[in-house]
Amino acid sequence: MANLPLELGKQFASLGVTTVYGEQQDVSGIRLIPVALTWSGFGAGEDAAGGAGGGGGGAAIPVGAYVRKGDDL
């Protein structure tokens, strides 16, 4: 693997609010904007013999949503 940490980072970049809720929605003139707490971490390494390994994980916790109607939030 040329750059294992970068490859792992690309895999976890998509973890976010859309993973928990999906996209914002418009319902009867009211916009619902989802909010979530997300984090991820990973690690990787190589040895002199050419062996490599890595792993990672992440979490996304739904917090709630902003409700927007006209100019009110």
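Positions are given from 1, in the same order as the sequence printed here. Because the structure is predicted, anything quoted here is derived from the model rather than measured.
Side-chain contact between R31 and Q25 is absent, with no heavy-atom pair separated by less than 4.5 Å. Two residues are said to be in side-chain contact when any heavy atoms from C-beta on lie closer than 4.5 Å; L73 and V67 fail this criterion.
Under a hydrophobic clustering in which Ile, Leu, Val, Met, Phe, Trp and Tyr are joined whenever their side-chain heavy atoms come within less than 4.5 Å, directly or via other members, L32 and V63 fall into different clusters. When hydrophobic clusters are built by joining Ile, Leu, Val, Met, Phe, Trp and Tyr residues whose side-chain heavy atoms come closer than 4.5 Å, directly or via intermediates, V27 is not grouped with V35.
Nearest heavy atom pair, residue P62 against residue A36, reads CA-CB, 4.2 Å. When all heavy atoms of T38 and A60 are compared, the pair lying nearest together is CG2-CB, 3.6 Å. Shown here for E46 and A52, the closest heavy-atom pair between the two residues is CG-CB, 3.8 Å.
A distance of 6.5 Å separates CG of D26 from CD of Q24, quoted to the nearest 0.5 Å. Separation of atoms CD1 (I33) and CZ (R68) is listed at 6.5 Å; rounding is to 0.5 Å.
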